[in-house]
**Student:** 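Following this message is one structure expressed as C-alpha coordinates.
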Amino acid sequence: QTLFLAMVDQGVSPDVVTYNSLIHGFCSSTQWEEAMKYFKEMVDGGILPNVVTYNSLLSGLCKVGRMEDAQTLFLAMVHQGVTPDVVTYTSLIHGFCNSTQWEEAMRYFKEMVDGGILPNVITYTTLIQGQCSVANWREATRLFTEMMDRQISPDVVTFNILIGTLCREGRVEDAQRFLEMIIQRGEEPDIFTYNTLMDGYCMVGQMDEAKKVLESMVGKGYKPDVVSYNTLINGYCRSKMTNEAMRLFEKMPGNGLTPDIVTYSALLTGLCRAGRFMAAQEILSDMLGLCKNKC
RNA sequence: AUGUUAGUUUUUCGCG
(Lines give C-alpha, C1' and ligand atoms only; values in the text may rest on other atoms or scores of the structure.)
Protein backbone atom coordinates (compact mmCIF):
# COMPACT_ATOMS: atom_id res chain seq x y z
CA GLN A 1 0.00 0.00 0.00
CA THR A 2 2.82 2.35 0.91
CA LEU A 3 4.59 1.52 -2.30
CA PHE A 4 1.37 2.05 -4.20
CA LEU A 5 0.87 5.49 -2.65
CA ALA A 6 4.50 6.42 -3.28
CA MET A 7 4.10 5.40 -6.86
CA VAL A 8 1.00 7.52 -7.31
CA ASP A 9 2.84 10.35 -5.54
CA GLN A 10 5.65 10.15 -8.06
CA GLY A 11 3.16 10.55 -10.83
CA VAL A 12 3.32 6.95 -12.03
CA SER A 13 -0.22 5.97 -12.83
CA PRO A 14 -1.31 2.55 -11.69
CA ASP A 15 -2.68 0.27 -14.37
CA VAL A 16 -4.77 -2.85 -14.27
CA VAL A 17 -1.81 -5.04 -13.28
CA THR A 18 -0.92 -2.73 -10.40
CA TYR A 19 -4.46 -2.98 -9.07
CA ASN A 20 -4.58 -6.69 -9.65
CA SER A 21 -1.45 -7.20 -7.58
CA LEU A 22 -2.87 -5.19 -4.70
CA ILE A 23 -6.24 -6.87 -4.88
CA HIS A 24 -4.64 -10.28 -4.95
CA GLY A 25 -2.55 -9.44 -1.90
CA PHE A 26 -5.56 -8.33 0.11
CA CYS A 27 -7.68 -11.24 -1.03
CA SER A 28 -5.14 -13.85 -0.09
CA SER A 29 -4.85 -12.35 3.38
CA THR A 30 -8.65 -12.16 3.51
CA GLN A 31 -8.70 -8.40 3.87
CA TRP A 32 -11.84 -8.19 1.94
CA GLU A 33 -12.71 -4.54 2.61
CA GLU A 34 -9.32 -3.36 1.42
CA ALA A 35 -9.56 -5.45 -1.72
CA MET A 36 -12.98 -4.03 -2.51
CA LYS A 37 -11.75 -0.51 -1.81
CA TYR A 38 -9.14 -0.86 -4.53
CA PHE A 39 -11.58 -2.57 -6.82
CA LYS A 40 -13.91 0.44 -6.55
CA GLU A 41 -11.03 2.84 -6.88
CA MET A 42 -9.89 1.29 -10.13
CA VAL A 43 -13.37 1.29 -11.58
CA ASP A 44 -13.85 4.92 -10.53
CA GLY A 45 -10.51 5.73 -12.09
CA GLY A 46 -11.71 4.36 -15.37
CA ILE A 47 -9.56 1.25 -15.33
CA LEU A 48 -11.53 -1.78 -16.40
CA PRO A 49 -11.13 -4.85 -14.22
CA ASN A 50 -10.11 -7.83 -16.32
CA VAL A 51 -10.38 -11.55 -15.88
CA VAL A 52 -7.39 -11.59 -13.52
CA THR A 53 -9.03 -8.99 -11.28
CA TYR A 54 -12.19 -11.01 -11.01
CA ASN A 55 -10.33 -14.25 -10.56
CA SER A 56 -8.38 -12.83 -7.62
CA LEU A 57 -11.54 -11.68 -5.89
CA LEU A 58 -13.27 -14.92 -6.72
CA SER A 59 -10.56 -17.17 -5.38
CA GLY A 60 -10.46 -15.05 -2.22
CA LEU A 61 -14.16 -15.70 -1.67
CA CYS A 62 -13.83 -19.36 -2.56
CA LYS A 63 -10.98 -19.89 -0.12
CA VAL A 64 -13.09 -18.73 2.80
CA GLY A 65 -16.11 -20.68 1.59
CA ARG A 66 -18.27 -17.69 0.71
CA MET A 67 -19.72 -19.51 -2.25
CA GLU A 68 -22.95 -17.52 -2.57
CA ASP A 69 -20.90 -14.34 -2.87
CA ALA A 70 -18.57 -16.08 -5.28
CA GLN A 71 -21.49 -17.01 -7.49
CA THR A 72 -22.82 -13.46 -7.40
CA LEU A 73 -19.42 -12.16 -8.40
CA PHE A 74 -19.21 -14.71 -11.17
CA LEU A 75 -22.52 -13.48 -12.57
CA ALA A 76 -21.40 -9.87 -12.19
CA MET A 77 -18.25 -10.51 -14.15
CA VAL A 78 -20.13 -12.18 -16.96
CA HIS A 79 -22.58 -9.28 -16.89
CA GLN A 80 -19.67 -6.85 -17.28
CA GLY A 81 -18.61 -8.70 -20.38
CA VAL A 82 -15.55 -10.34 -18.86
CA THR A 83 -15.25 -13.90 -20.10
CA PRO A 84 -14.50 -16.49 -17.42
CA ASP A 85 -11.48 -18.65 -18.12
CA VAL A 86 -10.08 -21.90 -16.80
CA VAL A 87 -8.80 -20.13 -13.67
CA THR A 88 -12.26 -18.73 -12.93
CA TYR A 89 -13.89 -22.12 -13.18
CA THR A 90 -11.17 -23.92 -11.29
CA SER A 91 -11.47 -21.45 -8.42
CA LEU A 92 -15.22 -22.02 -8.23
CA ILE A 93 -14.78 -25.77 -8.43
CA HIS A 94 -12.22 -25.60 -5.65
CA GLY A 95 -14.58 -23.59 -3.47
CA PHE A 96 -17.47 -25.95 -3.99
CA CYS A 97 -15.32 -29.00 -3.39
CA ASN A 98 -14.06 -27.54 -0.13
CA SER A 99 -17.59 -26.88 1.03
CA THR A 100 -18.46 -30.42 -0.09
CA GLN A 101 -20.97 -29.21 -2.66
CA TRP A 102 -19.98 -31.77 -5.19
CA GLU A 103 -23.05 -31.27 -7.41
CA GLU A 104 -22.26 -27.59 -7.80
CA ALA A 105 -18.61 -28.30 -8.51
CA MET A 106 -19.58 -30.71 -11.24
CA ARG A 107 -22.17 -28.30 -12.59
CA TYR A 108 -19.48 -25.68 -13.14
CA PHE A 109 -17.15 -28.29 -14.55
CA LYS A 110 -19.77 -29.19 -17.16
CA GLU A 111 -20.57 -25.58 -17.87
CA MET A 112 -16.93 -24.94 -18.49
CA VAL A 113 -16.44 -27.88 -20.82
CA ASP A 114 -19.68 -27.09 -22.65
CA GLY A 115 -18.48 -23.53 -23.04
CA GLY A 116 -15.41 -24.76 -24.84
CA ILE A 117 -12.97 -24.04 -22.04
CA LEU A 118 -10.55 -26.90 -21.64
CA PRO A 119 -9.96 -28.15 -18.13
CA ASN A 120 -6.28 -28.47 -17.30
CA VAL A 121 -4.23 -30.46 -14.82
CA ILE A 122 -5.14 -28.08 -12.00
CA THR A 123 -8.86 -28.38 -12.69
CA TYR A 124 -8.70 -32.17 -12.62
CA THR A 125 -6.46 -32.21 -9.59
CA THR A 126 -8.91 -29.98 -7.75
CA LEU A 127 -11.77 -32.33 -8.57
CA ILE A 128 -9.74 -35.36 -7.60
CA GLN A 129 -8.85 -33.79 -4.31
CA GLY A 130 -12.48 -32.97 -3.73
CA GLN A 131 -13.37 -36.62 -4.07
CA CYS A 132 -10.39 -37.80 -2.09
CA SER A 133 -11.30 -35.55 0.80
CA VAL A 134 -14.68 -37.25 1.09
CA ALA A 135 -13.00 -40.63 0.71
CA ASN A 136 -14.64 -41.32 -2.63
CA TRP A 137 -11.77 -43.25 -4.11
CA ARG A 138 -13.84 -44.67 -6.98
CA GLU A 139 -14.76 -41.25 -8.33
CA ALA A 140 -11.24 -40.01 -7.77
CA THR A 141 -9.77 -42.78 -9.89
CA ARG A 142 -12.47 -42.30 -12.50
CA LEU A 143 -11.41 -38.67 -12.85
CA PHE A 144 -7.78 -39.71 -12.91
CA THR A 145 -8.45 -42.06 -15.82
CA GLU A 146 -10.58 -39.47 -17.55
CA MET A 147 -7.85 -36.88 -17.42
CA MET A 148 -5.31 -39.34 -18.80
CA ASP A 149 -7.74 -40.22 -21.61
CA ARG A 150 -7.94 -36.53 -22.44
CA GLN A 151 -4.16 -36.36 -22.66
CA ILE A 152 -3.94 -34.19 -19.59
CA SER A 153 -0.87 -35.31 -17.73
CA PRO A 154 -1.15 -35.62 -13.98
CA ASP A 155 1.68 -33.79 -12.28
CA VAL A 156 3.42 -34.25 -8.98
CA VAL A 157 0.63 -32.43 -7.11
CA THR A 158 -1.96 -34.82 -8.50
CA PHE A 159 0.15 -37.77 -7.43
CA ASN A 160 0.77 -36.28 -4.00
CA ILE A 161 -2.95 -36.06 -3.38
CA LEU A 162 -3.50 -39.66 -4.46
CA ILE A 163 -0.57 -40.82 -2.35
CA GLY A 164 -1.82 -38.89 0.68
CA THR A 165 -5.29 -40.35 0.33
CA LEU A 166 -4.05 -43.92 0.08
CA CYS A 167 -1.82 -43.35 3.08
CA ARG A 168 -4.70 -42.05 5.16
CA GLU A 169 -6.59 -45.23 4.34
CA GLY A 170 -3.63 -47.31 5.36
CA ARG A 171 -2.94 -48.44 1.80
CA VAL A 172 0.71 -47.55 1.89
CA GLU A 173 1.78 -50.23 -0.57
CA ASP A 174 -0.55 -48.75 -3.18
CA ALA A 175 0.77 -45.30 -2.36
CA GLN A 176 4.30 -46.55 -2.89
CA ARG A 177 3.26 -47.77 -6.34
CA PHE A 178 2.19 -44.26 -7.26
CA LEU A 179 5.60 -42.98 -6.22
CA GLU A 180 7.12 -45.52 -8.57
CA MET A 181 4.73 -44.36 -11.28
CA ILE A 182 6.01 -40.80 -10.93
CA ILE A 183 9.57 -41.96 -11.40
CA GLN A 184 8.64 -44.25 -14.31
CA ARG A 185 7.05 -41.31 -16.06
CA GLY A 186 10.35 -39.51 -15.83
CA GLU A 187 9.04 -36.95 -13.38
CA GLU A 188 10.49 -35.85 -10.10
CA PRO A 189 8.79 -36.60 -6.81
CA ASP A 190 9.14 -33.60 -4.52
CA ILE A 191 9.59 -33.19 -0.81
CA PHE A 192 5.81 -33.33 -0.33
CA THR A 193 5.74 -36.75 -1.97
CA TYR A 194 8.37 -38.15 0.33
CA ASN A 195 6.97 -36.55 3.47
CA THR A 196 3.50 -37.81 2.70
CA LEU A 197 4.66 -41.35 2.07
CA MET A 198 6.81 -41.30 5.16
CA ASP A 199 3.80 -40.30 7.23
CA GLY A 200 1.88 -43.13 5.61
CA TYR A 201 4.39 -45.67 6.85
CA CYS A 202 4.43 -43.99 10.25
CA MET A 203 0.66 -44.24 10.54
CA VAL A 204 0.74 -48.01 10.04
CA GLY A 205 3.68 -48.33 12.39
CA GLN A 206 6.16 -49.41 9.72
CA MET A 207 8.97 -47.26 10.99
CA ASP A 208 11.63 -49.24 9.17
CA GLU A 209 9.95 -48.44 5.86
CA ALA A 210 9.48 -44.80 6.87
CA LYS A 211 13.18 -44.59 7.58
CA LYS A 212 13.91 -46.12 4.17
CA VAL A 213 11.92 -43.38 2.50
CA LEU A 214 14.02 -40.79 4.30
CA GLU A 215 17.18 -42.55 3.25
CA SER A 216 16.10 -42.82 -0.36
CA MET A 217 15.26 -39.14 -0.49
CA VAL A 218 18.65 -38.26 0.91
CA GLY A 219 20.21 -40.64 -1.61
CA LYS A 220 18.52 -38.69 -4.39
CA GLY A 221 19.88 -35.42 -3.15
CA TYR A 222 16.76 -34.10 -1.46
CA LYS A 223 17.25 -32.35 1.85
CA PRO A 224 14.78 -33.53 4.48
CA ASP A 225 13.09 -30.51 5.99
CA VAL A 226 11.57 -29.81 9.35
CA VAL A 227 8.36 -31.52 8.24
CA SER A 228 10.27 -34.70 7.36
CA TYR A 229 11.80 -34.77 10.81
CA ASN A 230 8.54 -33.94 12.56
CA THR A 231 6.82 -36.74 10.72
CA LEU A 232 9.40 -39.31 11.74
CA ILE A 233 9.68 -38.03 15.30
CA ASN A 234 5.93 -38.26 15.65
CA GLY A 235 5.98 -41.73 14.10
CA TYR A 236 8.61 -43.01 16.50
CA CYS A 237 6.72 -41.52 19.41
CA ARG A 238 3.51 -43.24 18.42
CA SER A 239 5.36 -46.50 17.94
CA LYS A 240 6.72 -46.08 21.46
CA MET A 241 10.27 -45.71 20.18
CA THR A 242 11.03 -42.51 22.02
CA ASN A 243 14.78 -43.14 21.97
CA GLU A 244 14.74 -43.06 18.19
CA ALA A 245 12.61 -39.93 18.29
CA MET A 246 15.15 -38.26 20.58
CA ARG A 247 18.01 -39.31 18.35
CA LEU A 248 16.38 -37.64 15.36
CA PHE A 249 15.57 -34.55 17.37
CA GLU A 250 19.22 -34.23 18.35
CA LYS A 251 20.32 -34.60 14.75
CA MET A 252 18.24 -31.66 13.55
CA PRO A 253 20.61 -28.77 14.31
CA GLY A 254 23.50 -30.61 12.66
CA ASN A 255 21.41 -30.81 9.51
CA GLY A 256 20.67 -27.13 9.56
CA LEU A 257 17.17 -27.53 10.93
CA THR A 258 15.57 -25.72 13.82
CA PRO A 259 12.94 -27.68 15.71
CA ASP A 260 9.63 -25.85 15.64
CA ILE A 261 6.50 -25.89 17.76
CA VAL A 262 5.34 -29.06 16.02
CA THR A 263 8.60 -30.85 16.80
CA TYR A 264 8.36 -30.01 20.48
CA SER A 265 4.69 -30.79 20.67
CA ALA A 266 5.12 -34.24 19.14
CA LEU A 267 8.15 -35.07 21.22
CA LEU A 268 6.74 -33.83 24.51
CA THR A 269 3.51 -35.72 23.97
CA GLY A 270 5.44 -38.85 23.09
CA LEU A 271 7.74 -38.67 26.08
CA CYS A 272 4.85 -38.02 28.46
CA ARG A 273 2.84 -40.90 27.06
CA ALA A 274 5.85 -43.13 27.61
CA GLY A 275 6.09 -41.90 31.17
CA ARG A 276 9.47 -40.30 30.57
CA PHE A 277 8.63 -37.13 32.43
CA MET A 278 12.21 -36.23 33.31
CA ALA A 279 13.24 -36.27 29.66
CA ALA A 280 10.15 -34.30 28.76
CA GLN A 281 10.98 -31.70 31.37
CA GLU A 282 14.49 -31.30 29.99
CA ILE A 283 13.20 -30.80 26.49
CA LEU A 284 10.65 -28.34 27.75
CA SER A 285 13.20 -26.24 29.60
CA ASP A 286 15.50 -26.30 26.59
CA MET A 287 12.63 -25.01 24.53
CA LEU A 288 11.74 -22.30 27.00
CA GLY A 289 15.38 -21.31 27.28
CA LEU A 290 15.69 -20.92 23.54
CA CYS A 291 12.49 -18.97 23.53
CA LYS A 292 13.81 -16.54 26.16
CA ASN A 293 17.05 -15.99 24.26
CA LYS A 294 15.12 -14.89 21.25
CA CYS A 295 12.82 -12.50 23.09
C1' A B 1 8.29 -5.95 -24.34
C1' U B 2 7.74 -7.11 -19.09
C1' G B 3 4.88 -7.52 -14.31
C1' U B 4 -0.72 -9.74 -11.57
C1' U B 5 -5.00 -14.83 -10.63
C1' A B 6 -6.62 -21.39 -9.45
C1' G B 7 -4.73 -27.35 -6.95
C1' U B 8 -0.92 -31.06 -2.64
C1' U B 9 2.24 -32.99 2.95
C1' U B 10 3.66 -33.34 9.32
C1' U B 11 2.32 -32.51 15.69
C1' U B 12 -0.60 -31.61 20.35
C1' C B 13 -4.96 -29.82 22.65
C1' G B 14 -9.76 -27.80 22.42
C1' C B 15 -14.55 -26.74 19.99
C1' G B 16 -18.24 -28.27 16.45
Side-chain angles (χ1 to χ4, degrees), chain A residues 14-28 35 38 42 49-63 70 77 82 84-98 105 108 112 117 119-130 132-133 143 147 154-168 175 178 182 189-203 210 213-214 224-238 245 249 259-273 280:
Chain A
D15 66 359
V16 63
V17 176
T18 321
Y19 277 109
N20 287 349
S21 306
L22 271 171
I23 289 171
H24 169 241
F26 286 120
C27 283
S28 38
Y38 283 104
M42 80 188 277
N50 63 13
V51 66
V52 175
T53 323
Y54 281 104
N55 287 347
S56 299
L57 291 167
L58 201 65
S59 77
L61 289 171
C62 290
K63 266 187 203 120
M77 102 184 245
V82 176
D85 64 5
V86 62
V87 176
T88 318
Y89 280 106
T90 304
S91 298
L92 281 168
I93 290 168
H94 184 223
F96 283 118
C97 283
N98 274 350
Y108 278 101
M112 154 180 184
I117 299 168
N120 62 19
V121 57
I122 301 185
T123 317
Y124 268 104
T125 302
T126 304
L127 285 168
I128 289 172
Q129 197 208 357
C132 285
S133 67
L143 287 160
M147 82 185 274
D155 65 9
V156 66
V157 176
T158 322
F159 281 112
N160 288 347
I161 290 164
L162 295 171
I163 289 172
T165 304
L166 290 168
C167 286
R168 242 166 273 125
F178 273 107
I182 299 177
D190 63 10
I191 189 133
F192 282 52
T193 321
Y194 288 112
N195 288 346
T196 307
L197 192 61
M198 246 190 319
D199 191 44
Y201 281 118
C202 289
M203 285 190 292
V213 175
L214 183 82
D225 63 5
V226 66
V227 176
S228 320
Y229 275 87
N230 290 349
T231 304
L232 275 180
I233 287 170
N234 179 47
Y236 280 125
C237 286
R238 290 195 182 274
F249 172 74
D260 64 8
I261 182 72
V262 177
T263 322
Y264 283 107
S265 179
L267 195 55
L268 288 173
T269 307
L271 290 170
C272 288
R273 275 206 192 116

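The sequence lines fix the lettering, A, B, ..., with proteins before strands; numbering per chain opens at 1. Keep in mind that what you see is a predicted model, and the values were worked out from it rather than measured.
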**Student:** Distance criterion of 3.5 Å, no angle test: do you see the side chain of A/Thr125 paired donor-to-acceptor with the base of B/G7?
**Tutor:** yes

**Student:** On the side chain of A/Asn55, is there an atom forming a donor-acceptor pair with the base of B/U5 - under 3.5 Å, no angle test?
**Tutor:**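 Indeed there is one.
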
**Student:** Which part of the nucleic acid, if any, lies within contact of A/Thr231, taking any heavy atom under 4.0 Å across all strands shown: a base, the sugar-phosphate backbone alone, or nothing?
**Tutor:** sugar-phosphate

**Student:** Check the interface with nucleotides 13-16 of chain B: list each N/O to N/O pair with the protein under 3.5 Å, or write none.
**Tutor:**
none

**Student:** What residues, two or more places apart in sequence or in another chain, satisfy side chain to side chain contact (heavy atoms under 4.5 Å, CB included) together with A/Met77?
**Tutor:** A/Val51, A/Tyr54, A/Asn55, A/Val82, A/Pro84, A/Thr88

**Student:** In this structure, how many angstroms lie between the C1' atom of B/A6 and the CD atom of A/Gln129, rounded?
**Tutor:**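 It is 12 Å, rounded to the nearest whole Å.
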
**Student:** Verify whether one side chain among A/His24 and A/Asn20 offers a donor that lies under 3.5 Å from an acceptor in the other.
**Tutor:** no

**Student:** Rounded to the nearest angstrom, tell me the gap between atom CG in A/Leu162 and atom P in B/U9.
**Tutor:**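 For the pair A/Leu162 CG and B/U9 P, the rounded distance is 13 Å.
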
**Student:** Quick one: list whatever passes ring-ring contact (aromatic ring centres under 6.0 Å, His included) with A/Tyr236, sequence neighbours left out.
**Tutor:** none

**Student:** Contact class for A/Ser265 (heavy atom, under 4.0 Å): base, sugar-phosphate, or nothing?
**Tutor:** base

**Student:** From the options B/U8, B/A6, B/U10, select the nucleotide whose nearest atom is closest to the side chain of A/Val157.
**Tutor:** B/U8

**Student:** Need one value for A/Ile122: base, sugar-phosphate or nothing, where a base atom within 4.0 Å counts as base even if backbone is also close, heavy atoms only.
**Tutor:** base

**Student:** Whole Å only: how far is the CZ atom of A/Phe192 from the P atom of B/U10?
**Tutor:**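 Those two atoms, CZ and P, are 10 Å apart.
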
**Student:** Just how far, in rounded Å, is P of B/U8 from NZ of A/Lys63?
**Tutor:** 9 Å

**Student:** Side chain of A/Val227 only, heavy atoms from C-beta on: which candidate in B/U10, B/U11, B/G7 is closest?
**Tutor:**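 Output: B/U10.
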
**Student:** Have A/Asn230 and A/Thr263 got a donor and an acceptor in their side chains that come within less than 3.5 Å?
**Tutor:** yes

**Student:** Atom OH of A/Tyr194 and atom C1' of B/U9: how far apart are they, to the nearest Å?
**Tutor:** 14 Å

**Student:** For A/Val17, which residues count as a side chain to side chain contact (heavy atoms under 4.5 Å, CB included) partner, sequence neighbours excluded?
**Tutor:** A/Asp15, A/Ser21

**Student:** What are the atom names and distances for every N/O pair under 3.5 Å that joins the protein to nucleotides 2-4 of chain B?
**Tutor:**
| from | atom 1 | to | atom 2 | distance (Å) |
| --- | --- | --- | --- | --- |
| B/G3 | N1 | A/Asp15 | OD2 | 3.1 |
| B/G3 | N2 | A/Asp15 | OD1 | 3.2 |
| B/G3 | N2 | A/Asp15 | OD2 | 3.4 |
| B/U4 | O2 | A/Asn20 | ND2 | 2.6 |

**Student:** Rounded to the nearest Å, what distance is computed from the CZ atom of residue A/Phe159 to the C1' atom of nucleotide B/U9?
**Tutor:** 16 Å

**Student:** Sequence neighbours excluded, which residues qualify as ring-ring contact (aromatic ring centres under 6.0 Å, His included) partners of A/Tyr201?
**Tutor:** none

**Student:** Please list, chain by chain and in numerical order, all residues satisfying ring-ring contact (aromatic ring centres under 6.0 Å, His included) with A/Phe26, sequence neighbours excluded.
**Tutor:** A/Tyr38

**Student:** For the pair made of CG in A/Asp260 and C1' in B/U11, what is the distance, rounded to whole Å?
**Tutor:**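 Between C1' of B/U11 and CG of A/Asp260: 9 Å.
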
**Student:** Any side-chain donor-acceptor pair under 3.5 Å between A/Asp199 and A/Thr231?
**Tutor:** no

**Student:** Please name all residues satisfying side chain to side chain contact (heavy atoms under 4.5 Å, CB included) with A/Ile122, sequence neighbours left out, ordered by chain then number.
**Tutor:**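 Here the qualifying residues are A/Thr90, A/Asn120, A/Thr126.
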
**Student:** Would you classify A/Asn230 as touching base, sugar-phosphate or nothing, given that sugar-phosphate means primed atoms plus P, OP1 and OP2, and contacts are heavy atoms under 4.0 Å?
**Tutor:** base

**Student:** When all nucleic acid strands are considered with a 4.0 Å heavy-atom cut-off, which category describes A/Asn120: base, sugar-phosphate, or nothing?
**Tutor:**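 Result for A/Asn120 = base.
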
**Student:** Whole Å only: how far is the CD1 atom of A/Ile93 from the C1' atom of B/A6?
**Tutor:** 10 Å

**Student:** Under the ring-ring contact (aromatic ring centres under 6.0 Å, His included) test, which residues partner A/Tyr264, sequence neighbours left out?
**Tutor:** A/Phe249

**Student:** Can you identify which nucleotide, out of B/U10, B/A6, B/U11, has its nearest atom closest to the A/Asn234 side chain?
**Tutor:**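 The answer is B/U11, which lies nearest to the side chain.
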
**Student:** The side chain of A/Thr196 lies closest to which of these nucleotides: B/U11, B/U9, B/G7?
**Tutor:**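 Selected nucleotide (nearest to the side chain): B/U9.
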
